[in-house]
2 protein chains.
Amino acid sequence: MLHEEVVGRIRAILLDGEIPPGARIPERELCERLEISRTPLREALKVLAAEGLVQLLPHRGSRAAKLTDKDMRDLFEVCQGLEALAGELACERISDAEIGAIAAAHDEMVRHYREGDLIQYYRGNRAIHEAIVAAAGNPALAGLYASVTARIRRARYVTPMTPQRWALAVKEHEAILNALQRRDGAGLSHILRAHLRHKREEVLQAGFAETEGSEPTLRIA
Amino acid sequence: MLHEEVVGRIRAILLDGEIPPGARIPERELCERLEISRTPLREALKVLAAEGLVQLLPHRGSRAAKLTDKDMRDLFEVCQGLEALAGELACERISDAEIGAIAAAHDEMVRHYREGDLIQYYRGNRAIHEAIVAAAGNPALAGLYASVTARIRRARYVTPMTPQRWALAVKEHEAILNALQRRDGAGLSHILRAHLRHKREEVLQAGFAETEGSEPTLRIA
DNA sequence: AGCGCAAATTTTGCATTCAAAAATGTAAAA
DNA sequence: TTTTACATTTTTGAATGCAAAATTTGCGCT
């Protein structure tokens, strides 16, 4: 089995919350489940530790990383910065076709909003943000963005929203699309920052002290 | 030997250019030199690959990552974004003592400039940029910054400068310190972007097609 | 001599093994 | 009954072993 595949599978397990934050990662079980030996598994865990998804404790095994409120705030700050940068760059480089695709994704997302389908709304939302980052045409930026968003994904996309906040988020997305269509880099950057700041407030206010290590958490896959 | 120590040692070897970009990383030799077996070495290489310093080729071993001009441009762009963000945050959070320390570092750097000592100038320069990032009080940001700067370090701090560019860089640093002392986040962010943009132009104009894999490269440690 | 192909060697990736550290369980003493 | 010391088991971290893949070597042929 390819090394990167192992990393991907474990990453998915962690992001799904199948191993909840703070929980011990059972080496033996994972080996059996993935049908690999400990060597490639441990290599993968080291990589994921470098990404910040796994915490290694010397002679005590590895745990799914658990984020404090401070960690979460920090990561949202960085994410804001990265998205703002991506927005600016995207406005310089994005093609009409890409804008069209994002507009379509936007419309679909709004449809899910009207239908009250939060899961699908989140999925569309994420696709739009990722498309903007992709449109920046900077793989290094995209990689960092992926790594940061992976760490806050569960907080970002699991937190329930009040109708007011949801409505505001949709309004902001209208502005995002608009700025993108006008290729207004500064404006887009500004809106994206505000958008993510609101999201962060929402998440932190929801008291996102990550769920403790023992009880398995809801999967939203 | 501790896992992280191995990663650190190999990282240092790569950053020093002892194994130049594009060159094959000799597993066996490194094992003997670090007095470890292949298992921890290979774990370290996987981690460094995730960081972007090493390139893994399936069944063909690993090489020191070689950056194209595009890679370099992309990384500078990201670095700009991160420094700009750090500057803004630093202005909100930095203490007078920290500003004092940076001012002192600045003066020393200017002294090295006057003495024409490029190596020491670069060292002080880097310390200032790192201090600003540290003052942002965001470890996640600092980590990403460290990872990005590690990848462009050699380009950033090895490229020779013209007297004009050097003078401009020092002038920009005066402005950086000034904005920091006034705690002018927007201003600092703006200057940092311009500063790094100039640096990028300089590096790319110097035709930084990273040195080929065979010949060992100058160490600047 | 130059080229092509097959055998030998090296190198890679993973499984297994081994020693050390931590966790667990047990029993004796307070 | 609770606590502490000690032995046992489990788990971790690293070295070694082994099969597959790639590279190099050597030989025959043109």
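Order of the sequence lines fixes the chain letters, A, B, ..., with proteins taken first and strands second; residue numbering starts at 1 for each chain.
Counting only N and O atoms by type, the side chains of A:Q120 and A:H112 include no donor and acceptor under 3.5 Å apart.
Rounded to an integer number of Å, the gap from CD of B:E27 to P of C:dT12 is 5 Å. What separates CZ of B:R63 from C1' of D:dT23 is a distance of 13 Å, to the nearest Å. Distance A:L34 CG to C:dC14 P: 13 Å, rounded to the nearest Å. Nucleotide C:dA15 holds its P atom 13 Å from the CD atom of A:E32, rounded to whole Å. Spacing between atom CZ of B:R28 and atom P of D:dT23 amounts to 17 Å, rounded to whole angstrom units. At whole-Å resolution of the value, CD in B:E29 and C1' in C:dT11 are 13 Å apart. Rounded to whole Å, the distance from CZ on A:R60 to P on D:dT12 is 12 Å. Atom CG in A:L30 sits roughly 11 Å away from atom P in D:dT12 (whole-Å rounding).
Taking the six-membered ring where tryptophan is involved, the planes of A:H195 and A:H129 are essentially parallel, since the angle between them stays under 30° and well short of 60°.
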Salt bridge (Lys or Arg N to Asp or Glu O under 4.0 Å) between A:E83 and A:R200, intermediate numbers included = CA-CA 14 Å; A:E83 282 205 22; A:R200 186 193 64 195; over 6 Å; no

ask   = Going through the checks in order, is the salt bridge (Lys or Arg N to Asp or Glu O under 4.0 Å) test met by A:E172 and A:K199?
value = CA-CA 11 Å; A:E172 284 166 349; A:K199 188 71 198 173; over 6 Å; no

task = Applying salt bridge (Lys or Arg N to Asp or Glu O under 4.0 Å), run through B:D74 and B:K70 and close with a yes or a no.
result = CA-CA 6 Å; B:D74 287 349; B:K70 169 74 160 74; 2.7 Å; yes

request  = Using the salt bridge (Lys or Arg N to Asp or Glu O under 4.0 Å) rule, take B:R33 and B:E29 through it: C-alpha gap first, then chi angles, then the decisive distance, then the call.
outcome  = CA-CA 6 Å; B:R33 173 161 160 196; B:E29 274 179 46; over 6 Å; no

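Checking B:R63, B:R60, B:R38 one by one against B:E27, the salt bridge (charged side-chain N to carboxylate O under 4.0 Å, His left out) holds for a single residue, B:R38.
Remark: B:L41 CG to B:S62 OG distance equals 7.5 Å, nearest 0.5 Å.
Residue B:R24 has a polar side-chain atom (N or O) positioned under 4.0 Å from OP1 or OP2 of C:dT12.
Between the side chain of B:K46 and the backbone N or O of A:K46 there is no donor-acceptor pair closer than 3.5 Å.
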N/O to N/O distances under 3.5 Å, protein versus nucleotides 15-19 of chain D:
unit_1	atom_1	unit_2	atom_2	d
D:dA15	OP2	B:S37	N	2.7
D:dA15	OP2	B:S37	OG	2.3
D:dA15	O5'	B:S37	OG	3.3
D:dA15	N7	B:T39	OG1	2.9
D:dT16	O4	B:T39	OG1	3.4

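DNA chain C is contacted by no residue of residues 42-58 of chain A, taking any non-hydrogen atom closer than 4.0 Å.
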